[in-house]
Amino acid sequence: MTKPPAKSEGEALWASLRKLTDARIGLKRSGASLATAPLLEFQLAHARARDAVHAPLDEVRLAADLVPLGLPVLNVGSAAENKAAYLMRPDLGRQLAPGAAGILAPHAGAYDVVFVISDGLSALAVRNHAARLLAEVIPVLRTQGWRVAPLVIVRHGRVAIGDAIAAQLGASCAAVLIGERPGLSAPDSMGAYFTWRPGAQTTDADRNCISNIRPAGIGYADAGFKVSHLLEAMRGRQMSGVGLKDLSDRLLLGDT
Amino acid sequence: MHSATIGQRRYTFPDLKTLLAKATPLRSGDVLAGLAAETGEERVAAQFALADLPLSTFLNEAVVPYESDEVSRLIIDSHDKVAFAPVAHLTVGGLRDWLLSDEATTAVLTALAPGLTPEMAAAVSKISRLQDLMIVAAKCSVVTRFRNTIGLAGHLSVRLQPNHPTDDARGIAASILDGLLLGSGDAVIGINPATDSPERAHTLLSMLDDIRTKLDIPTQSCVLAHVTTTLELIGKGSPVDLVFQSIAGTQAANKSFGINLALLREARDSALSLKRGTVGDNVMYFETGQGSALSANAHHGVDQQTVEARAYAVARVFKPLLVNTVVGFIGPEYLYDGKQITRAGLEDHFCGKLLGLPMGVDVCYTNHAEADQDDADALLALLVSASVNFVMGVPGADDVMLGYQSTSFHDALAMRDLYGRRPAPEFEAWLTKQGLMDTANRIRPGELPTNFRALLPPS
């Protein structure tokens, strides 16, 4: 039996640097090209991400996870009837299914914010992170006097479907938690999009976004802090979008 | 009204934008917008009609109204009639033949660029095959400069893209180290920040400037924040080399990005006032991509490839260092699979180069598109053979912040070897000085150069 070769200085260096990032750094080369082992590792990650895109949302389980927040939970669908329609027809993913209005109408009122949870491109993301993020945010909002609408789970929804839901329920702000497109190293990254008084004229420039919400990205406590400060800034200035920079970074850094 | 007769059937197209849309090779975004040809025969009928269309038509009929769209006004008002004169008598089909002819040399094409409108370039691309798009683009030369020289014949530059999901400075530095060792970073070292906050962008800009200065790298850096953030930071004295912005081909789509032409002009003037370039003053970095206008519901019934070409008219007035079409990023509802992404990448590169832009391409795909690494390899090789100015370098082709697959440091290195392309000359001299080139003049890092230890976190 031969002894394994001692780790070279280079290998030790890359092993320590890999602790700082999930990026695929220091990959072994063959000539200019990728060596066999990292090549196959990439193929495996891609196969898993593809599987995540096509996995269905377990709405029953998600609704059960949301119960401790003490808000009614409503389940609706978008006008996209299946994943294929969702992928190819973003217009359908922005509209509510025909039956949705009847589910939302009995809960209409005067709310400051509605949280909408949609599978988007990764059902895994909202299954893993939505309830945990809301557990950080909703108690804070309550102490600040926010009127929080019932939670709405949307199957096959895009970000703009929150606009329609906010209008139906009578909420000033649409806050949409949605599964982001799965990356190779992050099949379960969640995004949060905020729009103050959304309407027919709303464009993406009117929205604010917090991306990469997951324990290895922006953790629940940090993300919750950002969410509540962003909402507070929106309410204070009665606006959202590029005109309202992410003020919570300033707070985190202690700047004025 | 435009028409073509195929056998017994006469196909009619009510206006120029419909003709352009129906003549466009199939892609999901045009189907989504309800603009695509109904049948294969209708598509080719539109291509016949388009081929017979005099180029002068494009100067008299705007696809988006002149009165209501500042991009249309820019295109018409900045059209150079003298440069256009050599092709003014041609049809779209005639222009394709002329571009492919030996008469259309590099010098001739350079002189022609200001005489072409984006719609003319888009029209030619619609009746061209991939090899036509490659042959003509390879004859175009667009050279730009800031701290080095990008786009010279026989060279291929790389944007080093060291993104990190939380913008962690040490994680980003680790990716930069890896990229520099493999010869990436001569186009720019450019970070997409995870959140668009001025404080974050300032921290990242300072870090990049510190690395560049310590290692004395002849390149430029950029944090790809919104132009308003960058403007604010220039005012506060942050070390801004390049101003980045995503742009699109209609006023309404640009509005959805929170920009207009006046804002871009202000940002460019502001960056120029810093005088940070050493060998040139191309200070803008733009990104584009087919489908962005439709995504913002701001396409005005124009097909996505024509709208994309119009974004290049926006880019060219600002004399950018880099224009990057992020071709497969937007997803399968706009470009469904590897075949559609491949064609779009070559169309964008062709149109941009023909219009005089320093085109690079982010050869990429998302995990919800029907594409994989084989598709990326194919498009990358086609683009390098067509003399693309620059491509992306992402660690292991996996962007852990944006969640998509781009091209890797290794991919760029393999293409440089396969096609004999050199890095930007100033950057290549620097690589040699660092001891990163072997005796056959290939980039083959061995030991970590001593001064690179400045990039390592304190142990």
Side-chain angles (χ1 to χ4, degrees), chain A residues 9-10 13-14 16-18 20-27 29 31-34 38 42-43 45-46 49-50 52-54 87-91 121 180-187 189 203-205 209-212 214 216-218 222 226 241-243 245-250 252-253 255, chain B residues 28 31-32 162-166 168 170-175 177-178 194-200 226 228-229 255-258 295-298 331-333 336 366-368 372-373 394-405 408 410 413-414 416-417 442-444 447-448 456-457 459:
Chain A
E9 191 198 1
L13 172 71
W14 288 114
S16 71
L17 291 178
R18 267 187 219 105
L20 305 174
T21 177
D22 287 338
R24 290 164 199 266
I25 54 173
L27 300 181
R29 270 184 302 115
S33 305
L34 212 52
F42 183 101
Q43 297 297 83
H46 182 236
R50 295 281 293 153
V53 167
H54 295 282
L87 289 175
M88 298 296 285
R89 291 287 304 274
D91 53 328
L121 287 170
E180 298 183 317
R181 49 175 68 173
L184 296 195
S185 308
S189 179
T203 72
D204 288 346
C209 172
I210 298 170
S211 188
N212 270 301
R214 59 192 173 101
I218 301 179
D222 281 353
K226 280 168 170 282
V242 293
K245 295 290 177 194
D246 183 359
L247 301 168
S248 64
D249 252 29
R250 209 162 297 185
L252 283 171
L253 293 170
D255 286 15
Chain B
S28 51
V31 176
L32 176 66
N163 297 341
H164 187 281
T166 59
D168 179 86
R170 297 179 312 161
I172 289 172
S175 289
L177 173 71
D178 194 24
T195 57
D196 197 319
S197 83
E199 288 74 16
R200 187 72 64 88
H226 193 266
T228 52
T229 303
K255 180 171 182 279
S256 85
F257 289 154
S295 168
N297 196 25
E333 61 272 38
Y336 180 68
T366 61
N367 290 317
H368 59 313
D372 60 20
Q373 288 301 96
V394 175
D398 169 13
D399 189 306
V400 294
M401 200 285 278
L402 293 171
Y404 76 124
Q405 282 84 261
S408 69
H410 296 73
L413 198 53
R416 279 172 171 167
D417 281 12
R442 295 173 303 206
I443 298 167
R444 290 289 186 275
E447 291 295 297
L448 190 69
L456 299 177
S459 50

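Quick note on labels: first sequence line is chain A, next is B, and so on, each numbered from 1.
How far NE2 of B/H368 is from CG of A/L87: 6.5 Å, rounded to the nearest 0.5 Å. To the nearest 0.5 Å, atoms CG (B/N297) and CG (A/D91) are separated by 9.5 Å.
Interface summary for chain B: among A/G217, A/A45, A/P38, A/G31, the most heavy-atom pairs under 4.5 angstrom belong to A/G31. Between chain A and the options B/R416, B/R442, B/M401, B/E447, heavy-atom pairs under 4.5 Å are most frequent for B/M401. Contacts with chain A were tallied for B/L448, B/L456, B/D417, B/V394; B/L456 has the most, counting heavy-atom pairs under 4.5 Å. Most heavy-atom pairs under 4.5 Å with chain B: of the set A/N212, A/L184, A/L27, this distinction falls to A/L184.
Here the shortest heavy-atom pairing between B/K255 and A/A205 reads O-CB, 3.8 Å. Taking all atoms of both residues into account, the shortest heavy-atom contact from A/A49 to B/N367 is CB-ND2, 3.4 Å. Pairing each heavy atom of B/D168 with each of A/L20, the nearest pair is OD2-O, 4.2 Å. Between B/A174 and A/I25, the shortest heavy-atom contact is CB-CD1, 3.8 Å. Across B/T166 and A/I218, no two heavy atoms sit closer than the pair CG2-N, 4.1 Å.
Contact annotation for B/S175: both backbone and side-chain heavy atoms come within less than 4.5 Å of a heavy atom of chain A. For A/Q43, the part lying near chain B is the side chain, with the backbone staying farther off; criterion is any non-hydrogen pair under 4.5 Å. Contacts between B/A414 and chain A at a heavy-atom distance below 4.5 Å involve backbone atoms as well as side-chain atoms. Only the side chain of B/H164 comes within contact range of chain A, with heavy atoms under 4.5 Å apart. Contact annotation for A/S189: neither backbone nor side-chain heavy atoms come within less than 4.5 Å of a heavy atom of chain B. Both the backbone and the side chain of A/T21 come within contact range of chain B, each with at least one heavy atom under 4.5 Å from a heavy atom of that chain.
Between the side chain of A/R24 and the backbone N or O of B/P395 there is no donor-acceptor pair closer than 3.5 Å. Side-chain atoms of B/D178 come within 3.5 Å of backbone atoms of A/G26 as a donor-acceptor pair (strictly under, hydrogens ignored).
By the 6.0 Å contact criterion, OH on B/Y336 is open, its count of non-hydrogen atoms from other residues, nucleotides or ligands being 12 or less.
In this structure, the side chains of B/D372 and A/R50 stay at 4.5 Å or more apart for every pair of heavy atoms.
Residues satisfying the ring pair (Phe, Tyr, Trp, His ring centres under 6.0 Å) criterion with A/H46, sequence neighbours excluded, are B/Y365. A/R214 pairs by the side-chain hydrogen bond (donor to acceptor under 3.5 Å, both in side chains) definition with nothing, not counting sequence neighbours.
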